[in-house]
Amino acid sequence: MSQSKIYQLKGELSTMMVLYLRGIDLKLLEDELSRQIDSSPQLFRGIPIIVDLSAIKVGNSLDLKWLKNLLLNRDLIPVGLRNANEDLAVKAGNAGWALLAGNGGRSREIELNSAEIVAKEQREISHEEVAEEVTPQEVVEPAEPIETMMHVQQVRSGQQLSVPQGDLVVINSVNEGAELLVDGNIHVYGALRGRALAGIHGNRSARIFCQSLEAELVAIAGFYRMQEDIPAELRGKTVQIYLDQDELKIEQLVK
C-alpha cells in the first residue's frame with residue numbers, strides 16, 4: 001500500500017520586490033536603503049526581495065556576504081540574485097545566495113536608486129524625442145481582451161490575491177494584513193483594508209475603486225500612499241484612486 005508524501009513540489013510564479021543594484025558601494029546602499037525603509041517601514045518589513053545585478057560588470061569586487069547581511073539587518077528576506085555576471089555567479093554559492101533566471105519572471109519592481117539616478121530616470125522626454133521615435137510605418141496591434149478575476153469571499157488577513165494580467169473584482173471586504181496584487185484595475189465592493197497594488201507591471205492607467213477606503217497601503221504602477229498619507233476626510237469613503245502624471249490621486253465618488 002503506497003503512502004502519500006508529506007510534501008509536494010510545484011513550480012509557481014510569485015510577485016516579489018526587486019532591488020536593482022547600480023553600484024558596489026554597499027555603505028552608500030545601506031544609507032539610502034535605510035532612509036527609504038524608515039520613511040515607510042510597514043511597506044518593507046519582512047518582505048522577500050530579489051537583487052538584480054545586471055548593472056554590475058565583470059571584475060567588480062562586490063561583497064555578496066555583506067550584501068546579504070545588509071538586507072537581513074534591515075528586516076528584508078534575500079531570496080536570490082538575478083542577472084549575476086560570471087564572477088559573481090561563482091561567488092554566489094559560497095555567500096549563501098541562490099541564482100535565479102533573468103527577467104522572465106513577473107515581479108513587483110520597485111527600484112531603489114540614488115537621488116541622482118532617480119532624477120535622471122524621471123526626466124521628461126521632449127516632444128522632439130517622441131517625434132523621432134514614432135514613424136508612419138508603425139502598426140498598432142489590437143488590444144487583447146482584459147480578463148477579470150472574480151472573488152466572492154472576504155479576503156482574509158494574510159491572504160494574497162494575485163492577477164498578473166487583467167482586473168480583480170472583490171464582492172466583499174478586504175481584511176487588514178491581506179494583499180491585492182493586480183496588473184489592471186481593482187474593484188472592492190466592501191471595505192478595503194490591507195494593501196492594494198494595481199498596475200504592478202507598470203500599467204499607469206490602472207485604477208482602484210472601493211466602497212470604503214480603510215487601506216494600509218494603496219499603489220498604482222509603483223506610486224504609493226501609506227495609511228498615514230491618506231487624507232482623514234477620505235477615510236471610510238467611496239473613492240477611486242488613479243495616477244495623474246506622477247501623482248497618486250484619491251477622489252471621492254459619492255458625496
Side-chain angles (χ1 to χ4, degrees), residues 12-18 40 42-44 47-48 103-111 121-122 140-255:
E12 296 183 353
L13 290 175
S14 298
T15 303
M16 293 189 187
M17 186 174 286
V18 180
S40 304
Q42 293 178 331
L43 176 62
F44 295 97
I47 62 168
N103 293 321
R106 301 184 182 278
S107 303
R108 173 165 43 130
E109 299 180 351
I110 298 181
E111 298 192 13
E121 291 183 345
Q122 291 182 344
V140 178
E141 297 291 336
E144 294 182 1
I146 296 176
E147 297 182 1
T148 300
M149 173 182 171
M150 191 82 67
H151 188 86
V152 178
Q153 293 82 13
Q154 192 174 59
V155 186
R156 303 182 305 276
S157 178
Q159 185 177 4
Q160 182 188 87
L161 297 184
S162 179
V163 183
Q165 290 181 309
D167 296 347
L168 171 66
V169 177
V170 179
I171 314 293
N172 213 309
S173 294
V174 179
N175 286 350
E176 294 180 3
E179 190 171 52
L180 311 179
L181 302 172
V182 182
D183 182 48
N185 303 305
I186 296 175
H187 302 259
V188 178
Y189 293 98
L192 172 57
R193 306 179 186 96
R195 303 178 181 183
L197 296 90
I200 58 174
H201 301 311
N203 180 4
R204 298 170 65 97
S205 64
R207 297 194 177 208
I208 300 172
F209 304 87
C210 67
Q211 289 288 98
S212 178
L213 179 60
E214 304 169 33
E216 301 165 13
L217 175 146
V218 291
I220 294 177
F223 295 84
Y224 66 89
R225 283 201 198 183
M226 303 295 294
Q227 188 176 58
E228 55 268 25
D229 301 323
I230 298 174
E233 63 270 19
L234 294 174
R235 305 288 300 174
K237 304 297 184 181
T238 300
V239 303
Q240 68 165 328
I241 302 166
Y242 61 95
L243 272 183
D244 183 4
Q245 300 298 324
D246 287 342
E247 183 181 357
L248 190 70
K249 292 201 170 182
I250 304 176
E251 181 180 286
Q252 187 173 350
L253 289 176
V254 180
K255 298 183 180 180

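Nothing here was measured: the structure is a model prediction, and the numbers come from that model.
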> Is there side-chain contact between R225 and P231, with heavy atoms separated by less than 4.5 Å?
Replying inline: yes
>> So H151 and Q159, do their side chains get closer than 4.5 Å, heavy atoms only?
In response: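 Result yes, sub-4.5 Å side-chain heavy-atom pair found.
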> Is the count of non-hydrogen atoms from other residues, nucleotides or ligands lying under 6.0 Å from R235 atom CZ greater than 12?
Replying inline: yes
Between [options], which is the residue that forms a side chain to side chain contact (heavy atoms under 4.5 Å, CB included) with [X]?
{"X": "V155", "options": "V170, N175, V188", "value": "V170"}
{"X": "L168", "options": "L181, V163, N185, T148", "value": "V163"}
{"X": "I241", "options": "I220, I186, L234, I230", "value": "I220"}

To the nearest 0.5 angstrom, please state how far the [atom1] atom of [X] sits from the [atom2] atom of [Y].
{"X": "F223", "Y": "Q245", "atom1": "CZ", "atom2": "CD", "value": "10.0 Å"}
{"X": "R207", "Y": "H187", "atom1": "CZ", "atom2": "NE2", "value": "10.5 Å"}
{"X": "E233", "Y": "I250", "atom1": "CD", "atom2": "CD1", "value": "10.0 Å"}
{"X": "I171", "Y": "Q154", "atom1": "CD1", "atom2": "CD", "value": "13.5 Å"}

> Do L180 and L192 pass the side-chain contact (heavy atoms from CB on, under 4.5 Å) test, and can you show the C-alpha distance, the side-chain angles, and the key distance before you say yes or no?
Replying inline: CA-CA 10 Å; L180 311 179; L192 172 57; 4.2 Å; yes
> Salt bridge between R193 and E214, side-chain N to carboxylate O under 4.0 Å?
Replying inline: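 Yes, charged N to carboxylate O under 4.0 Å.
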Which atoms form the tightest heavy-atom contact between [X] and [Y], and what is the distance?
{"X": "S157", "Y": "G177", "result": "OG-CA, 3.9 Å"}
{"X": "L243", "Y": "A221", "result": "CD1-CB, 4.1 Å"}
{"X": "Y224", "Y": "L217", "result": "CD1-CD1, 4.1 Å"}
{"X": "G184", "Y": "A198", "result": "O-CB, 3.4 Å"}
{"X": "Y242", "Y": "E251", "result": "OH-OE1, 3.2 Å"}

Main chain of [Y], side chain of [X]: is a donor-acceptor contact present, judged purely on distance under 3.5 Å?
{"X": "S173", "Y": "A191", "result": "yes"}
{"X": "R204", "Y": "D244", "result": "no"}
{"X": "S212", "Y": "G190", "result": "no"}

